[in-house]
Amino acid sequence: MAKQANLYPFPTVEALAPALRAYVITCQEAGIQRHGVFKVAVSGGSLPKTLAQALLAAPTSETDVVKWNQWEIFFADERAVPLDHADSNYGLLKTELLDKLPQDGSAAPTVHPVDVEALDDAQELADRYEQTLVKSFAGRDSVRLPIFDLLLLGCGPDGHTCSLFPGHELLRETSAWVAPIEDSPKPPPRRVTLTLPVVTHAVRVAFVATGGGKKEVMKEIFEEGNGLPCALVNEGCGERCSWFVDNAAVEGVSYPRRPFNL
Ligand SMILES: O=C1O[C@H](COP(=O)(O)O)[C@@H](O)[C@H](O)[C@H]1O
């Protein structure tokens, strides 16, 4: 039987953050070993804050190093708004994390925001972002689907991830890498998102879900699935998928927990 997604619960976000850091650094080292860079896509929402807590912490050993200059950061989804808009996932990551890195060149990841020249046309915005991926991944995967070293994802209270929403036709997309959405049920309505095949093709996928507000949907994802986007990622990735959660988010959820060990 295929192995299932890993569920790692922690008492608090403070306890979760060092484990998330260790996991990301392991993925970073694997990516650098494979192709000299670490290609990671990140979500917006509550993720960047927890990620910053994990990655901005002081190193605890010689190998506990975030090699920012070898990171290539993409966005798992983005809203069609200017990059300094309050709804921008890029803007959020910048405020929470990128602006807090040393600005002297010693920690300068390559960051790939969407092309703001195309904000008025979601299809064009998606096509241009797909071209950004094609350029970055070309020659390496030659190139049915890009293979991210890691996707860092959030889980909405309705079970959405990226901008893939429950029951939406986008869940049936099979050929695009990046797709537009004009009718997101969560505002703002116009967005672009990595598609499900790209998400499930990543080397590793990590969800971060914290707080009691997530516990009903976590129960549904892990006990029933119900075709929820997060459950589809679990099914598509199996053990390549890991969930970093606090106890509040999984209270009452029947699913085997794993102790976090790398
Ligand atoms: O709209 C979005 O929501 C999801 C989930 O956000 P959260 O605040 O519930 O963690 C997020 O992962 C996605 O990137 C964002 O565009």
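Read the numbers this way: they start at 1 and go in the same order the structure lists the ligands and their atoms. We're numbering straight along the sequence, starting at 1.
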Requested in this report: Would you kindly say whether Q28 and T26 are connected by a side-chain donor-acceptor distance under 3.5 Å?
Outcome: no
Query raised in the report: Under 3.5 Å, is there a donor-acceptor pair linking the side chains of S163 and D77?
Result: yes
Query raised in the report: Just by modelled atom types, is the A176 backbone N or O under 3.5 Å from a matching donor or acceptor in the T195 side chain?
Result: yes
Query raised in the report: Any side-chain heavy atom of L150 sitting closer than 4.5 Å to one from F38?
Result: yes
Is there a heavy atom in [X] that sits closer than 4.0 Å to ligand 1?
X: S184; result: no
X: A76; result: no
X: E78; result: no
X: N89; result: yes

Can you pull out the closest protein heavy atom to [atom]? Residue, atom name and distance to 0.1 Å, please.
atom: atom 10 (O) of ligand 1; value: S46 OG, 2.5 Å
atom: atom 4 (C) of ligand 1; value: H160 NE2, 3.2 Å
atom: atom 1 (O) of ligand 1; value: R79 NH2, 2.9 Å

Query raised in the report: Where does C155 meet ligand 1, judged by heavy-atom distances below 4.0 Å: at the side chain, the backbone, both, or neither?
Result: backbone
Contact atoms of ligand 1, heavy-atom distance to [X] under 4.0 Å:
X: G156; value: 5 (C), 9 (O)
X: S43; value: 12 (O), 14 (O)
X: R191; value: 1 (O), 2 (C), 16 (O)
X: K214; value: 7 (P), 9 (O), 10 (O)

Can you give the donor-acceptor pairs under 3.5 Å from side chains of residues 45-60 to other protein atoms, not counting sequence neighbours?
| unit_1 | atom_1 | unit_2 | atom_2 | d |
| --- | --- | --- | --- | --- |
| Q53 | NE2 | E14 | OE2 | 3.4 |
| T60 | OG1 | D64 | OD2 | 3.0 |

Query raised in the report: Run the ring pair (Phe, Tyr, Trp, His ring centres under 6.0 Å) check on F244 and F260 step by step: do they pass?
Result: CA-CA 9 Å; F244 292 81; F260 180 72; 5.6 Å; yes
Query raised in the report: Between K219 and E224, is there a side-chain N and carboxylate O pair less than 4.0 Å apart?
Result: no
Query - D149/R204 salt bridge by N-O under 4.0 Å criterion - result: no
Query raised in the report: Just distances here: any N/O of C162 and N/O of ligand 1 closer than 3.5 Å?
Result: no
Requested in this report: Please name all residues satisfying side-chain contact (heavy atoms from CB on, under 4.5 Å) with T110, sequence neighbours left out, ordered by chain then number.
Outcome: E72, H112
Query raised in the report: Out of V42, D77, D158, T50, whose heavy atom is nearest to atom 13 (C) of ligand 1?
Result: D77
